[in-house]
Undergrad: 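Input: one structure, supplied below.
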Amino acid sequence: MAIECLVLGAGQEVGKSCVVVTINGKRIMFDCGMHMGYLDHRRYPDFSRISKLGDFDNALTCIIITHFHLDHVGALPYFTEVCGFHGPVYMTYPTKALAPLMLEDYRKVMVDRRGEEEQFTSDHIAECMKKVVAVDLRQTVHVDEDLQIRAYYAGHVIGAAMFYVKVGDAEMVYTGDYNMTPDRHLGAAQIDRLRLDLVITESTYATTIRDSRYSREREFLKAVHKCVSNGGKVLIPTFALGRAQELCILLDDYWERTNLKVPIYFSAGLTIQANMYYKMLISWTSQKIKDSYSTHNAFDFKHVHNFERSMINDPGPCVLFATPGMISGGFSLEVFKRWAPSEKNLVTLPGYCVAGTIGHKLMSGKPTKIDLDQDTQIDVRCQVHQLAFSPHTDSKGASDIFIKRCQNPNFKFQKCSSSGAPGTSIQSCQNPDRSLTPRLQVKDERVAEGILVLEKSERAKVVHQEELLHRVGEKRHHIRFAYCCPVRVSDSTDISSKSDRDSCLQLLHSKLSCELSGGNIQNFGENLQMDSFHISVCPKDYCPYRIHETSHSETLAMYFCCFWEAIDEKLAWRILSAMENLDLREI
């Protein structure tokens with residue numbers, strides 16, 4: 001089994017999701033997103049890292065798209081039509097229906113209204129969608145005779161899916177964005193119990209525990225009501241699909257209960273099409289909406305109307321949903337420029353905003369001025385309100401200690417030659433080149449290892465192992481394994497001589513470093529160490545850890561005592577197998 005990951009986007013940042021996984025010879029791209037905070041080459045993933053020659057058809061087996069948000073699908077038409085990938089693209093039926101709307105709206109905003117250079121055309125979007133193979137939830141799809149995939153419900157937005165992939169004996173899940181908390185129009189993520197070799201999951205709110213949905217809704221409604229009661233206008237910059245429908249359901253219900261007469265508007269165009277699709281895709285929504293569908297469609301909003309550009313300067317209070325979210329351009333930016341100078345008005349940001357956008361600047365601390373470009377400055381006097389309506393899962397179910405330990409650095413030090421790849425030993429065993437200058441490579445490999453605890457009347461929680469010991473009132477118990485391993489040595493070796501024993505240990509270190517490529521075996525003079533595995537010369541005539549005395553009777557053998565912990569069992573058998581096949585007679 002072999003698995004390799006190449007992260008082209010969304011590693012240590014939010015935006016531009018794109019991860020290429022090689023699993024048992026199959027190479028799969030998960031998501032192909034764009035970064036909303038950049039307008040230069042950083043907007044798209046660096047596809048040249050997949051293939052220097054641009055031969056993407058041979059470099060990739062397929063592409064899997066988890067949902068229609070631009071940070072997950074925004075670069076897809078560029079990659080398939082401009083870069084030239086012709087292979088299959090897999091996504092759910094709702095994503096296939098809604099992704100073209102998002103892509104075309106983005107293209108219009110950036111090219112038709114802002115006059116930027118066109119990255120892909122409407123025809124590119126249409127041709128790209130012809131490559132899409134739509135899948136149902138829990139449907140096992142055989143991409144070829146070795147590769148199979150299956151989609152699971154992810155919540156987040158309509159049509160969002162987590163994808164299970166199996167190639168031979170290797171299995172993995174890529175979650176994309178998901179939400180474990182059901183909201184007003186979507187259910188919680190669901191997936192089978194699976195035995196996996198790799199999980200790649202979003203971590204947008206991995207270190208955050210947000211308030212309950214009800215307290216967030218109450219705070220949001222209170223802020224909106226206060227603003228319109230004082231004659232102000234409320235701008236809610238949001239993406240047309242997902243959060244807009246969630247908040248429209250909330251406001252429509254509140255307006256009905258409180259009999260408010262202030263108009264609520266949707267910016268026309270994309271959202272009208274989006275609501276039409278939501279009405280058609282009821283089977284992907286929450287159970288409550290499905291149960292009431294026969295008598296009432298939740299997306300038939302009684303108090304929400306279409307908004308025209310000519311109404312921007314109309315007097316009187318109102319609430320307006322305008323795209324795109326984050327105020328990264330388009331109509332939401334146009335409205336913000338008009339409404340921001342008034343202290344009566346309110347901008348409420350219902351989710352995460354990527355660095356570089358105006359939304360992020362507003363969330364980072366209310367500025368009095370925002371420079372849009374060299375010639376345009378926006379006077380900001382309006383109220384700014386931030387709410388965590390983002391449909392991502394948070395860290396509930398993980399203890400504070402576990403989260404902190406996951407954030408701690410976990411440095412790995414590895415020697416390699418100046419011209420070699422990482423993991424190359426200082427000297428090649430076959431052809432040593434002493435002109436090569438050794439250098440040290442430092443990696444920070446953070447691994448989240450925890451224990452799932454189920455306590456009576458409490459929710460399941462992941463805790464750190466040291467925290468568990470404290471909970472149950474036990475001390476840590478170490479289980480160590482030992483084996484006295486024979487290695488062939490020269491007949492002239494004097495085992496009773498300390499200098500000969502030291503020489504053999506040095507030679508063993510050199511040989512093992514060559515045999516275990518990529519390993520970092522440290523030499524401490526009297527012993528060798530790799531992780532918890534320790535090796536030292538055994539000077540005893542009789543050792544309790546020595547299993548056999550006669551396997552090397554035809555040649556002289558020196559014994560090395562080896563100790564390791566259970567966590568390094570696989571590493572131990574690799575080293576011991578190498579040692580028993582070594583011959584220290586040749587220096």
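Sequential numbering from 1 along the given sequence is applied to the chain's residues. Predicted, not measured: the structure shown is a model, and the values here were computed from it.
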Undergrad: How long is the span from the CG atom in Asp197 to the CG atom in Asp169, to the nearest 0.5 Å?
TA: 7.0 Å
Undergrad: Which atom names give the shortest non-hydrogen contact between Gly187 and Tyr153, and what distance separates them?
TA: N-OH, 3.1 Å
Undergrad: Taking all non-hydrogen atoms of both residues into account, name the closest pair between Lys16 and Pro45 and its distance.
TA: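 Looks like CD-N, 3.5 Å.
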Undergrad: Using the salt bridge (Lys or Arg N to Asp or Glu O under 4.0 Å) rule, collect all pairs that involve residues 32-47, keeping only residues at least two apart or in two chains.
TA: Asp40-Arg42, Arg43-Glu116
Undergrad: With no hydrogens and no angle check, is any side-chain donor or acceptor of Thr201 less than 3.5 Å from a backbone partner on Thr175?
TA: no
Undergrad: Are any non-hydrogen side-chain atoms of Lys511 and Val487 less than 4.5 angstrom apart?
TA: no
Undergrad: Who passes salt bridge (charged side-chain N to carboxylate O under 4.0 Å, His left out) against Lys131, sequence neighbours left out?
TA: Glu81
Undergrad: Who are the ring pair (Phe, Tyr, Trp, His ring centres under 6.0 Å) partners of Tyr78, not counting sequence neighbours?
TA: Tyr44
Undergrad: Tell me, which pairs form a salt bridge (Lys or Arg N to Asp or Glu O under 4.0 Å) where one or both residues lie in residues 498-508, sequence neighbours left out?
TA: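 Sorted pair list: Lys498-Asp502.
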Undergrad: Report the C-alpha separation of Leu362 and Leu349 in whole Å, then their side-chain angles, then the decisive distance to 0.1 Å, and conclude whether the side-chain contact (heavy atoms from CB on, under 4.5 Å) test is met.
TA: CA-CA 9 Å; Leu362 294 174; Leu349 299 159; 3.9 Å; yes
Undergrad: Are side-chain heavy atoms of Cys504 and Val537 found at a separation under 4.5 Å?
TA: no
Undergrad: Would you say that Leu147 contacts Cys62 through its side chain, given a criterion of any heavy-atom pair below 4.5 Å between the two side chains?
TA: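 Answer yes - side chains close enough.
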Undergrad: Could you tell me if the side chain of Thr95 sits less than 4.5 Å from the side chain of Val73, heavy atoms only?
TA: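 No, every pair of side-chain atoms sits at 4.5 Å or beyond.
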Undergrad: If you take all heavy atoms of Tyr559 and Cys484, which pair is closest and at what distance?
TA: CB-SG, 3.5 Å
Undergrad: A quick test of your reading: do over 12 heavy atoms of other residues, nucleotides or ligands sit less than 6.0 Å from CD of Gln506?
TA: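 Enclosed: over 12 neighbouring heavy atoms sit under 6.0 Å from CD of Gln506.
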Undergrad: Please verify the inter-ring angle class for Phe79 with Phe85; under 30° counts as parallel, over 60° as perpendicular, anything in between as tilted.
TA: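 Parallel.
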Undergrad: Walk me through whether Ile64 and Val165 qualify under side-chain contact (heavy atoms from CB on, under 4.5 Å).
TA: CA-CA 10 Å; Ile64 292 175; Val165 173; 4.1 Å; yes
Undergrad: Among residues two or more places apart or on two chains, list those pairs meeting ring pair (Phe, Tyr, Trp, His ring centres under 6.0 Å) that have a residue in residues 13-32.
TA: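 Sorted pair list: Phe30-Tyr174.
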Undergrad: Give the C-alpha distance, both sets of side-chain angles, the deciding distance and a yes or no for side-chain hydrogen bond (donor to acceptor under 3.5 Å, both in side chains) between Thr140 and Arg150.
TA: CA-CA 5 Å; Thr140 299; Arg150 191 184 309 133; 3.0 Å; yes
Undergrad: For the CD1 atom of Ile63 and the CZ atom of Arg27, what is their distance to the nearest 0.5 Å?
TA: 12.0 Å
Undergrad: With a 4.5 Å heavy-atom cut-off, do Leu528 and Leu508 have their side chains touching?
TA: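 Sidechains of Leu508 and Leu528: in contact.
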Undergrad: Is the shortest side-chain heavy-atom distance between Cys561 and Ile535 below 4.5 Å?
TA: no
Undergrad: Mark yes or no for whether Thr61, through its side chain, and Lys26, through its backbone, hold a donor-acceptor pair below 3.5 Å.
TA: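 Looks like no, no N/O pair under 3.5 Å.
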Undergrad: To the nearest 0.5 Å, tell me how far Leu507 CG sits from Met558 CE.
TA: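 So the CG of Leu507 and the CE of Met558 are separated by 10.5 Å.
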Undergrad: Which heavy atom of Lys361 sits nearest to which heavy atom of Pro367, and what is that distance?
TA: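 Heavy-atom minimum between the residues: O-CD, 3.9 Å.
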Undergrad: Report the residues that fulfil salt bridge (charged side-chain N to carboxylate O under 4.0 Å, His left out) with Asp55, sequence neighbours left out, ordered by chain and then residue number.
TA: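 Asp55 satisfies salt bridge (charged side-chain N to carboxylate O under 4.0 Å, His left out) with no other residue.
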Undergrad: Counting only heavy atoms not in Phe563, do more than 12 fall under 6.0 Å of its CZ?
TA: yes
Undergrad: Please answer whether the main-chain N or O of Cys485 pairs with a side-chain N or O of Glu580 as donor and acceptor at a distance below 3.5 Å.
TA: no
Undergrad: So how far is it from Glu515 CD to Arg574 CZ, rounded to the nearest 0.5 Å?
TA: 10.5 Å
Undergrad: For Lys540, does its backbone N or O pair with a side-chain atom of Arg546 as donor and acceptor, under 3.5 Å?
TA: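 Judged by distance alone, yes, a pair lies under 3.5 Å.
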Undergrad: Check whether any side-chain N or O of Asn179 sits under 3.5 Å from a backbone N or O of Gly155 as a donor-acceptor pair, and report yes or no.
TA: no
Undergrad: Within the side chain of Asp177, is there an N or O that forms a donor-acceptor pair under 3.5 Å with the backbone of Glu202?
TA: no
Undergrad: Keeping Ser532 on the side-chain end and Glu565 on the backbone end, is there a donor-acceptor pair under 3.5 Å?
TA: yes
Undergrad: Output the distance between atom NZ (Lys166) and atom CG (Asp146), rounded to the nearest 0.5 Å.
TA: 11.5 Å
Undergrad: Before you tell me yes or no, could you show the steps for Leu8 and Arg49 under side-chain contact (heavy atoms from CB on, under 4.5 Å), namely the whole-Å CA-CA distance, both residues' side-chain angles and the distance that decides it to 0.1 Å?
TA: CA-CA 8 Å; Leu8 298 181; Arg49 295 182 64 190; 4.0 Å; yes
Undergrad: Considering residues at least two apart in sequence or located in another chain, which fulfil the ring pair (Phe, Tyr, Trp, His ring centres under 6.0 Å) criterion with His67?
TA: His69, His72, His156
Undergrad: If we only count heavy atoms from C-beta on, is the Ile200 to Cys5 side-chain gap below 4.5 Å?
TA: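 Side-chain contact under 4.5 Å: yes.
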Undergrad: Let's go through Leu512 and Leu582 carefully: what are the C-alpha distance in whole Å and the side-chain angles of both, what is the deciding distance for side-chain contact (heavy atoms from CB on, under 4.5 Å) to 0.1 Å, and is it a yes or a no?
TA: CA-CA 9 Å; Leu512 285 177; Leu582 285 180; 3.9 Å; yes
Undergrad: To the nearest 0.5 Å, how far apart are CH2 in Trp564 and CG in Leu571?
TA: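 Reported to 0.5 Å precision, the distance equals 10.0 Å.
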Undergrad: Under the side-chain contact (heavy atoms from CB on, under 4.5 Å) rule, collect the residues that match up with Ser503, sequence neighbours excluded.
TA: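 Applying side-chain contact (heavy atoms from CB on, under 4.5 Å) to Ser503 gives none.
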Undergrad: Does Phe560 reach the side chain of Leu505, with side-chain heavy atoms less than 4.5 Å apart?
TA: yes
Undergrad: Taking it one step at a time, do Asp71 and Ser17 satisfy side-chain hydrogen bond (donor to acceptor under 3.5 Å, both in side chains)?
TA: CA-CA 6 Å; Asp71 58 329; Ser17 290; 4.9 Å; no
Undergrad: For Asn527 versus His534, what's the shortest heavy-atom pair and its separation?
TA: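 Closest approach of Asn527 to His534: OD1-ND1, 4.3 Å.
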Undergrad: Report the residues that fulfil side-chain contact (heavy atoms from CB on, under 4.5 Å) with Ala188, sequence neighbours left out, ordered by chain and then residue number.
TA: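 In terms of side-chain contact (heavy atoms from CB on, under 4.5 Å), with neighbours along the sequence ignored, Ala188 is linked to Pro182.
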Undergrad: Does Tyr164 have any ring pair (Phe, Tyr, Trp, His ring centres under 6.0 Å) partners at least two apart in sequence or in another chain, and if so, which?
TA: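 Partners of Tyr164 by the ring pair (Phe, Tyr, Trp, His ring centres under 6.0 Å) criterion come out as none, since no residue qualifies.
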Undergrad: Which heavy atom in Met34 sits nearest to a heavy atom in Gly74, and how many Å separate them?
TA: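 The answer is CG-CA, 3.7 Å.
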Undergrad: For the aromatic rings, using the six-membered ring if either is Trp, is the centroid distance between Tyr90 and Phe163 under 6.0 Å?
TA: no
Undergrad: With sequence neighbours left out, write down each residue that passes ring pair (Phe, Tyr, Trp, His ring centres under 6.0 Å) with Phe120, or none if nothing qualifies.
TA: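 Phe120 satisfies ring pair (Phe, Tyr, Trp, His ring centres under 6.0 Å) with no other residue.
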Undergrad: What residues, two or more places apart in sequence or in another chain, satisfy salt bridge (charged side-chain N to carboxylate O under 4.0 Å, His left out) together with Arg138?
TA: Asp192
Undergrad: Check this for me: Glu526, atom CD, are more than 12 non-hydrogen atoms of other residues, nucleotides or ligands nearer than 6.0 Å?
TA: no
